Structures are given as structure tokens and as C-alpha cells.
Number of protein chains: 2
Amino acid sequence: MRGVIGEVEEKLRSNEYKMTPKREYVLRVLLENKDKHLSAEEVYNLVKIKAPDVGLATVYRTLELFSSFDIIHSMDFGDGRKRYEFGVDNGDGHRHHHLICVQCGKIIEMNEDLLEDLEERVNRTYNFTISDHELKIFGRCSECMPKNKKE
Amino acid sequence: MRGVIGEVEEKLRSNEYKMTPKREYVLRVLLENKDKHLSAEEVYNLVKIKAPDVGLATVYRTLELFSSFDIIHSMDFGDGRKRYEFGVDNGDGHRHHHLICVQCGKIIEMNEDLLEDLEERVNRTYNFTISDHELKIFGRCSECMPKNKKE
DNA sequence: CTAGATGCAAATCGTTTGCACCAAT
DNA sequence: ATTGGTGCAAACGATTTGCATCTAG
């Protein structure tokens, strides 16, 4: 994990940006919560535990900075605020799909890529060069949809 | 097209809501712009041409009302505002996928459903009961991606 | 020293809400 | 009359920005 921070630092440095302590805290929070999808305010609150003097604006600016370098990825699940995740760009586009439970709000991440043939088809049919995609699937998770309950 | 308005009126009426002139203008604007994805403010501006005394709040309230009856569908393309389209719910979930050109901002609509087998798989693998899904594909449209230009 | 980084508060922007008034049953 | 519909302005919540200060190279 330490390596990741170094990589990010290098990425910033090579573009005249600094890896400051505050920025490192933001990054750590994102790294330690890879599975979650934190909002700016949630990141802010977690960073404040370690750096109580941090400002919300700094968190926003840092998230924006990281986003612009594709270090993290922002998304929205329709709740009016952006959410961030440490983004694994594997080179040929982002591959994170989310199952969003409309009942309990849980978000399940599906990391497998299931859209390859679809991309092919879109490319050909619409002459559209895909760089990324985002798939949100709404429904009910297993806990919210008991076997014996229909809807 | 006149029939659609009647249908909507009926849908509202059967739930104790009225199809008022203002609401009809909002609906008409959406109908006349099926291919576009208008924001609340854009709808407002178009409605104002016919009904200059309309208020923005009414437009928001009407859009919310129509959404709650699945007459229209709201979505967001990451530009910080909700966008609305006259929604064709074919009964087994919504099927609108969008190709979003990251260069010119054009939004191409794909109405075919390409995700049926994916849904099957998700249902089985994650025990997740799908009610809807939303797929956004980012990239460059044919006009913004000349054959001889690589990226 | 100089430019970027930061905190704070004010500003912004899309959207929502409270309230008084209007319209239709 | 009663209930829902509407305009206006104020309220809101997430995000951004202006500015003075701080800090690292």
C-alpha cells in the first residue's frame, strides 16, 4: 500500500503538484475504503480524525486534483452528491459496475467486465469510439428480497 | 401525439391529480423533444414561450410529479443537473442506454436492449433482483473521431 | 523569496419549500 | 368551501471561489 502513495506522489510531482500531508491523508482514506463509495464530506470527516485542522475546501480541491489525474474516479448514485472511489484504471477503460439496492441503499460492486461484446457492437453500429462506460443496476439485494416475497 | 396527452391526463386523474394547462405545456415540451435530454431550466424556458407566467418551481414540481408516475424519467450525465426524457417504460424495466461524446457533448440514444444476458447473470451470481438499469458509455462520436485521428 | 497549498467564509448553482393567492370541483 | 395548483422569494445542500495566510523548495 505504501507503494501506491509513492506512485501517486510521483504522478503529482511530475506535474508540478506536491504530495502534502493533507493530500496524503485524503489518499489514505480513499485507499482504506476502497470498497466504499465515500462522499466528499465523508472523506472530510475521516481525514479530520488524523488532521483536525483540515478544511472541507481542501478535501474538495484534493479530490478534484486526484480525479483529474485519474487517481480516483467520481460517480453519482442519484443521491445528489458525488462519491469517490480509488480508481483502478486498467488501461483499457474503467470497469466498475454497481448493483444499487433501492431498498437498503447498499451498493455491491461487480468488478468483472461483462460488456466487451456490447462495446464491440456499439463501436461498429454507431461508429462510436468508447473510452469508458458506467453501468448502474437498480433492484433489490438478497437481504431485501426474501425468497418468499414477490414484488 | 394527442393520444399521449390523454393517456397522461387519465393517469393523473386516476390518482387525484389534474392535468392543468401548465402541466400540459411541460408535457408537450418533453414530447416535442423526445430526442433531447432537457434540464429543468431548459424545459422552463421552452414552456415560458407558450406560458410566460409559469414559474420555475412549477416546472420542477411537474417534472417530479411526472417522474413519480413513470411518465418521464430523470437521469444525469455528470454535468450537475438532472435531465429528463419522456420515458418509455416497456413494462420489464427501462431500456435506454446513452452514448455520451466526451468531446462535443452529443448524446446518442441506443434503444435496443443489450443487457439481457447480463441481467440473467447478475440475478444468479449476486442474487440481486433487477428492476432497472442505466448504462452510460463515454467516448467520441463519429464526427469527433476522424478515421485518421488516433487517441 | 516565490508559487503552490490551505482555512475560512462568502458566493454559486441546481433544486426544494413556505406561504399567500388562484382555480376548479 | 375545500382542495389542489401556482408564483414568488427564501431556504437548502453540495460544491466552488476569493482572499489572506502559511509553507515548502
Side-chain angles (χ1 to χ4, degrees), chain A residues 5 8-29 37-69 71-84, chain B residues 5 8-29 37-69 71-84:
Chain A
I5 294 172
V8 172
E9 180 167 3
E10 201 177 323
K11 203 178 251 184
L12 294 184
R13 230 174 251 301
S14 67
N15 287 75
E16 333 249 274
Y17 291 102
K18 299 167 193 166
M19 177 59 105
T20 65
K22 305 269 172 73
R23 286 178 180 169
E24 188 169 327
Y25 282 127
V26 171
L27 180 58
R28 273 178 202 281
V29 164
H37 301 85
L38 302 175
S39 67
E41 192 131 12
E42 286 166 344
V43 172
Y44 168 64
N45 287 324
L46 289 170
V47 170
K48 260 214 307 213
I49 296 170
K50 299 298 184 75
D53 60 326
V54 75
L56 182 53
T58 298
V59 171
Y60 272 104
R61 283 188 279 235
T62 302
L63 292 171
E64 161 60 23
L65 177 70
F66 287 169
S67 285
S68 72
F69 282 108
I71 293 162
I72 63 176
H73 196 72
S74 89
M75 63 207 61
D76 113 283
F77 295 121
D79 62 345
R81 68 194 69 188
K82 284 185 191 164
R83 298 191 164 273
Y84 300 85
Chain B
I5 294 173
V8 172
E9 181 167 2
E10 201 178 323
K11 204 178 250 185
L12 293 185
R13 228 174 252 303
S14 67
N15 287 77
E16 333 250 272
Y17 291 102
K18 299 165 191 166
M19 177 59 106
T20 65
K22 304 269 174 71
R23 285 178 181 170
E24 189 170 327
Y25 281 127
V26 171
L27 179 57
R28 274 179 202 282
V29 163
H37 301 85
L38 303 175
S39 67
E41 192 130 15
E42 286 166 344
V43 172
Y44 169 65
N45 287 326
L46 289 169
V47 170
K48 261 215 304 213
I49 296 170
K50 300 298 184 76
D53 61 326
V54 75
L56 182 54
T58 298
V59 171
Y60 272 106
R61 283 187 279 235
T62 302
L63 292 171
E64 162 61 21
L65 178 69
F66 288 170
S67 286
S68 72
F69 282 107
I71 293 161
I72 63 176
H73 196 73
S74 88
M75 65 208 60
D76 114 284
F77 294 121
D79 62 346
R81 70 194 69 189
K82 282 184 191 165
R83 298 191 164 271
Y84 299 87

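Note on naming: letters A, B, ... go to the chains in the order of the sequence lines (proteins, then strands), and numbering restarts at 1 for each one. It should be emphasised that the depicted structure is a prediction, and the values quoted were computed from it without experimental measurement. Just so you know, these numbers use all the heavy atoms, side chains as well, and skip hydrogens, waters and symmetry mates.
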- Any idea which of D:dG7, D:dG5, D:dT15 is nearest the B:Y17 side chain? D:dG5
- Query: Under 4.0 Å between a side-chain N or O of A:K22 and OP1 or OP2 of C:dG7?
  - Reply: yes
- Query: Taking NZ, NE, NH1 and NH2 as the nitrogens, is one of them in A:R83 or A:E42 under 4.0 Å from a carboxylate oxygen of the other?
  - Reply: yes
- For D:dG7, does either OP1 or OP2 sit under 4.0 Å from a side-chain N or O belonging to B:T58? yes
- Select from B:E16 and B:G55 the residue whose nearest nucleotide in DNA chain D is closer to the 5' end of that strand. B:E16
- Message: Check this one for me: any side-chain N or O of B:T20 less than 4.0 Å away from OP1 or OP2 of D:dT6?
- Response: yes
- Message: Between P on C:dT15 and OH on B:Y44, what's the gap in Å once rounded to a whole number?
- Response: 14 Å
- Query: Could you state the CD-P distance from A:E24 to C:dT6, rounded to the nearest angstrom?
  - Reply: 12 Å
- Could you give the CZ-to-P distance, from B:R13 to D:dG4, as a whole number of Å? 14 Å
- Would one find more than 12 heavy atoms of other residues, nucleotides or ligands at under 6.0 Å from atom OH of B:Y17? no
- Query: Rounding to a whole Å, what distance do you find between B:M19:CE and D:dG5:P?
  - Reply: 12 Å
- Task: For B:S14 and B:E10, indicate whether the former's side chain and the latter's backbone hold a donor-acceptor pair under 3.5 Å.
- Result: yes
- Query: Does the gap between the ring centers of A:H37 and A:F77 come in under 6.0 Å?
  - Reply: yes
- Message: Heavy-atom nearest nucleotide on DNA chain C for B:A57 versus B:D79: which residue maps closer to 5'?
- Response: B:D79
- Query: C:dA5 P sits how many Å from A:N15 CG, rounded?
  - Reply: 11 Å
- Task: To the nearest Å, give me how far apart CG (A:D76) and P (C:dG14) are.
- Result: 16 Å
- Message: Between the base of D:dG7 and the side chain of B:R61, is one N or O donor paired with an acceptor at under 3.5 angstrom?
- Response: yes
- Check ion pair B:K48-B:D53 (N to O, under 4.0 angstrom): no
- Query: Whole-Å distance between D:dA14 P and B:R81 CZ?
  - Reply: 19 Å
- Spacing of A:Y60 atom OH relative to D:dT15 atom P, expressed in whole Å: 3 Å
